[in-house]
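Okay, structure first, notes after.
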Amino acid sequence: MTISTSTTHEASAAEGARPATLGEIPLPAPAWSRLTRKVFGHRGLTIGLCLVLVAVAVALLAPVLAPHDPYYQDIANRMVPPVWHESGSWSHVLGTDKLGRDYLSRLLYGTRISLVIGLVAALISGVIGTTLGVLAGYFGGRVDAVISYIVTTRLAMPVVLVALALASLTGGSLFTVIVLLGLLLWDRFAVVSRSVTQQLRDSEYIHAARTLGCSLPYILLREVLPNITGALIVVITLEMAHAILLEATLSFLGMGVQPPLPSWGLMVAEGKAYMFFQPWVIAIPGIALFLLVLAINLLGDGLRDLNAPGGRS
Amino acid sequence: MGTFIVRRILVALSVALTISIVSFMLLHLSGDLAASIAGPEATAEQVEQIRIDYGLDRPIVNQYLEWLGHALQFDFGRSYYYQSTVVDLIVDRMPITLTLGGLALALAVCIAIPLGVVAAIRRDTWVDRLALLFAVIGQAMPSFWFGLTLIVIFAVTLQWLPAAGSDGWQHFVLPAIALGYYATPAMMRLTRTGMLEVLESDYIRTARAKGLSARSVIFKHALRNAVIPVVALAAVELGFMLGGSVVIESVFSLNGLGQLAWDAISRNDYPVVQAVVLIIALFYIVLTLLADVANAALDPRIRTR
Amino acid sequence: MALLEARNLRVDLPVDAGTLHAVRGIDFHVERGEMLCLVGESGCGKSMTSLALMGLLPRRARLTADCLDFDGIDLTAISARQRGGLRGLRMAMIFQEPMTALNPSYTLGNQLCEAFLRHRLGSRQNARERAIHLLERVGISAAAERLDQYPHQLSGGLRQRVMIAMALMCKPDLIIADEPTTALDVTIQAQILRLLRELQQESGTAVIFITHDLGVVARIADRVAVMYAGEVIEAAVTPALYARPSHPYTRGLLSCIPAPGKTPPGSRLQAIPGVVPSLVGHVEGCAFRNRCPLAEARCETTPPFMALNEGHRARCHFADRPMASATPSQPETIS
Ligand SMILES: Nc1ncnc2c1ncn2[C@@H]1O[C@H](COP(=O)(O)OP(=O)(O)O)[C@@H](O)[C@H]1O
Ligand code: SF4
Ligand SMILES: [Mg+2]
């Protein structure tokens with residue numbers, strides 16, 4: 001048995017490329033100058049990279065950048081509008097929330113939550129998915145059949161529902177959300193690394209390594225893995241974006257990161273009751289979320305184009 | 001073709017069975033169900049009483065087999081919260097979710113395919129870039145936030161459409177847009193890449209060499225082949241949308257399956273949670289099965305094998 | 001008047017490195033009912049020439065010509081619509097790759113009848129009858145049943161026969177066959193070749209037959225035009241070309257053909273050493289001079305398309321020298 005056609009279609013289409021693109025063996029890394037030219041010649045990639053770097057800087061420097069303590073409740077100044085509003089003030093550039101906490105400070109600290117969740121969840125799922133995919137692709141036959149079956153089953157499980165139920169049972173916290181997402185989002189890693197490994201398996205240098213008597217772990221870790229990283233990096237970015245969106249969704253629905261942590265999804269949920277008269281309370285965290293996910297997706301798309309021979313310019 | 005379908009159905013059945021096991025185990029092993037049901041204020045004795053009352057003290061395999069035996073006769077037990085059976089609840093809520101999913105899919109297909117075709121035909125022009133921008137935005141926008149934004153704009157500010165409820169078709173417009181936009185980018189990009197690939201192919205050159213008009217080259221010869229994988233993707237996306245409807249239903253207060261699941265989760269109503277997860281997985285399985293069959297039916301290379 | 005007349009036909013393609021001059025000012029004509037063979041190594045611009053005639057060049061390509069007349073119609077001046085009216089009806093094309101040239105999603109009948117219906121030559125029934133007649137003519141048995149089959153159900157040779165039948169559907173005045181046998185087995189190649197020649201003679205259709213195999217030419221062509229690096233470097237009626245090849249390149253090619261009876265069995269095919277110059281940017285002087293055994297200082301200037309005899313021309317400064325002295329030195333062998 002192989003993974004059903006729809007499964008692979010889904011995986012590749014969600015990446016927005018024809019199935020072959022990710023499956024193709026990445027080109028050897030171009031010389032540094034050519035690489036930089038290629039990177040900066042690609043508008044989406046440049047924008048994505050810059051935005052991601054900004055987000056990382058904000059996350060690292062949040063204590064320095066934040067004008068206030070993100071948890072300090074200034075009860076006298078609740079629901080202060082942002083500075084561009086006629087009754088806004090520079091003391092709270094983006095206003096305050098219903099508890100009088102400075103919105104800008106919460107937004108800045110929220111970057112940390114999103115980035116940590118995205119990164120760690122993508123790494124956990126990357127380890128799981130890549131292990132499964134490489135084994136399936138390398139051994140083929142029964143191993144492939146079993147692993148493909150597992151992937152098919154995982155794809156049929158409604159992620160949002162399962163994550164919600166499990167988060168509720170385990171009592172949502174930053175840690176459980178990260179682990180949950182990490183355990184749920186490995187399917188695309190498995191599909192991609194499986195197909196790339198399948199192509200590698202019959203290549204000459206793998207044959208050579210086998211005839212030289214290299215051990216199996218050596219072949220998988222030193223010959224296969226380095227050659228699929230190009231494709232995997234693209235998946236990591238896409239899954240990071242996916243995990244960030246899912247965390248926000250879980251938190252929005254009240255089963256993810258718990259108050260008073262400044263998760264952007266939670267900020268939208270907390271602002272929901274006020275959105276009719278103060279729409280900025282949902283607009284601000286929503287736009288932050290949108291920009292971060294957009295940046296990571298642009299980065300991923302761009303990396304894929306660089307990876308794919310003759311990709312879209 | 002026949003054996004292909006039979007084999008696919010067998011796989012689908014076993015996937016469904018596996019999912020029922022996995023979701024049952026996940027729910028029962030990842031926390032203390034009895035404690036969750038009893039609530040934080042319950043005493044140890046109360047928890048134990050619930051454990052015995054609900055049969056949670058028995059070996060988990062026995063519990064599962066009993067549950068499965070009933071499930072196979074469409075009996076998913078009684079809700080812990082509502083005074084009715086789980087099946088009644090699901091049957092009651094299903095139409096709303098299916099309407100929402102169907103509308104969202106229709107909307108997504110109606111936008112994604114024409115847009116993908118135009119983007120491919122007018123490759124590297126402003127139309128193509130605009131389509132790409134549309135896709136990139138859709139992929140990055142959190143659907144709950146997009147839904148709220150739609151409410152603020154169209155229900156509150158412009159007052160064109162209702163913000164919540166499910167009484168008439170107007171109530172489904174905004175939710176369907178919010179859910180459909182989520183499914184559009186992937187389909188649009190797949191249509192675009194498929195069209196680009198097909199338009200480069202030799203048989204398109206043959207068709208043009210016959211003097212066919214651009215229209216019949218594109219619609220008869222190219223689209224037919226480019227759209228085959230999109231059909232499969234559409235089925236998969238519908239499966240995803242049914243699973244993701246919990247978010248949109250919560251935003252728009254639609255009383256569908258997703259809302260039922262969310263309520264059940266927050267009330268520790270596990271028979272309902274277990275059943276909804278399984279039902280949505282079943283939908284996904286049936287949809288991918290149909291997609292594979294449709295794929296085979298659309299592609300003569302598979303159909304006539 | 002010739003059916004097709006091309007003078008100074010050029011095809012330019014923008015590429016990363018500049019402009020690729022795929023066809024660099026070629027002259028040729030096709031008479032009604034004759035078979036012209038366009039011969040040359042792969043990459044010399046044969047396909048670009050045929051696509052230019054059909055109006056099927058890639059969108060980026062630019063076509064210019066002093067004259068490109070098809071039966072009195074100026075092909076460079078007509079609209080895309082008028083082009084569409086000619087294609088399939090008056091000029092048809094057979095492509096190299098029978099495996100991919102047919103749409104996998106439609107039946108053979110559908111694809112065969114398409115051009116006939118598009119050009120409103122009759123009813124569906126008429127189209128079907130003609131399709132069956134032609135399938136039988138090109139040697140396909142059970143033609144009526146075949147109409148309901150899909151391309152993947154046929155072998156490559158059969159598909160190429162279908163392509164031929166498809167080209168004949170509207171009784172065109174000109175068929176362009178771009179290496180129609182290259183992708184096929186040798187035995188099937190010979191059958192298809194014979195079939196094409198027969199059909200051409202019985203229907204009186206003019207054919208431009210494109211090949212990289214000069215061995216094929218002698219058997220079927222009325223006239224030959226030899227191409228090299230985007231130019232026609234020699235053109236003549238077939239017997240004259242074989243009797244008196246006048247361009248060093250043609251002579252080199254002819255000495256590469258294993259001739260039955262002349263070439264000892266088992267001897268290696270001989271090829272002209274050297275590589276074709278890049279077609280990107282301007283090519284000054286004779287394009288063949290880096291491989292030409294006769295090259296002299298004069299060859300730095302562009303040679304004229306010199307008329308030798310009636311209808312025999314060659315693009316070489318020394319084309320009129322007696323053959324003996326102009327025979328290239330023993331070509332190297334390739335292994
Ligand atoms: N789509 C294209 N883009 C750029 N260059 C092309 C393209 N197609 C063909 N060429 C180039 O044009 C030249 C002529 O090609 P072609 O006419 O296909 O040669 P032939 O048919 O004689 O083998 C070659 O140098 C080839 O590399
Ligand atoms: S012009 Fe000179 S280089 Fe060119 S073919 Fe004739 S002899 Fe050779
Ligand atoms: Mg060619």
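Nothing here was measured: the structure is a model prediction, and the numbers come from that model. Letters A, B, ... mirror the listed sequences (proteins, then strands); counts begin at 1.
In this view, S266(B) satisfies the side chain to side chain donor-acceptor pair (under 3.5 Å) rule with no residue, not counting sequence neighbours. By the ring pair (Phe, Tyr, Trp, His ring centres under 6.0 Å) test, F175(A) pairs with no residue at all, sequence neighbours left out.
Contact annotation for L242(B): neither backbone nor side-chain heavy atoms come within less than 4.5 Å of a heavy atom of chain A. The part of V273(B) that comes within reach of chain A is its side chain, from C-beta onward, which places non-hydrogen atoms under 4.5 angstrom from that chain. Contacts of V230(B) with chain A are absent, with no heavy-atom separation under 4.5 Å from either backbone or side chain. Heavy atoms closer than 4.5 Å to chain A are found nowhere in T157(B), neither backbone nor side chain. Heavy atoms of Y270(B) lying under 4.5 Å from chain A belong exclusively to its side chain. At a 4.5 Å heavy-atom cutoff, the contact between A156(A) and chain B is made by backbone and side-chain atoms alike. Contacts between S250(B) and chain A at a heavy-atom distance below 4.5 Å involve backbone atoms as well as side-chain atoms.
A 4.5 Å side-chain heavy-atom check between P279(A) and L148(B) finds every atom pair outside the cut-off. Looking only at side-chain heavy atoms (C-beta outward), L298(A) and V136(B) come within less than 4.5 Å of each other. Side-chain contact check for I151(B) versus F276(A): some heavy-atom pair is nearer than 4.5 Å.
Taking all atoms of both residues into account, the shortest heavy-atom contact from L27(B) to L169(A) is O-CD1, 3.2 Å. Taking every heavy atom of both residues into account, A165(A) and I265(B) meet most closely at N-CD1, 3.6 Å. Scanning both residues, L164(A) and W262(B), for their nearest heavy atoms gives CD1-CD1, 3.9 Å.
To the nearest 0.5 Å, atom OG1 of residue T18(B) and atom CE of residue M157(A) are 11.0 Å apart. To the nearest 0.5 Å, atom CG of residue N297(A) and atom CD1 of residue I137(B) are 12.0 Å apart. D301(A) CG to Q139(B) CD: the interatomic distance, rounded to the nearest 0.5 Å, is 6.5 Å. The distance from the CZ atom of F144(B) to the NZ atom of K272(A) is 10.5 Å, given to the nearest 0.5 Å.
Most heavy-atom pairs under 4.5 Å with chain A, from the set P142(B), G243(B), A264(B), G239(B): that is P142(B). Of the listed residues I296(A), I150(A), V268(A), the one with more heavy-atom pairs under 4.5 angstrom with chain B than any other is V268(A). Looking only at heavy-atom pairs under 4.5 Å with chain B, the residue among A283(A), A167(A), G44(A) that has the most is A283(A).
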Under 3.5 Å, sequence neighbours excluded: what are the donor-acceptor pairs made by side chains of residues 243-255 of chain A?
residue, atom, partner, partner atom, Å
E247(A), OE2, S251(A), OG, 2.7
E247(A), OE2, S263(A), OG, 2.8
T249(A), OG1, L245(A), O, 2.8
S251(A), OG, E247(A), O, 3.0
S251(A), OG, V257(A), N, 3.1

Could you please spell out the steps behind the side chain to side chain contact (heavy atoms under 4.5 Å, CB included) verdict for V160(A) and S245(B)?
-> CA-CA 9 Å; V160(A) 183; S245(B) 68; over 6 Å; no

Begin with the C-alpha distance, continue with both residues' side-chain angles, and end with the deciding distance and a verdict on side chain to side chain contact (heavy atoms under 4.5 Å, CB included) for V152(B) and I282(A).
-> CA-CA 10 Å; V152(B) 169; I282(A) 63 160; 4.3 Å; yes

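When the heavy atoms of residues 286-295 of chain A are compared with those of chain B, the residues falling under 4.5 Å are G286(A), I287(A), L289(A), F290(A), V293(A), L294(A), listed by number.
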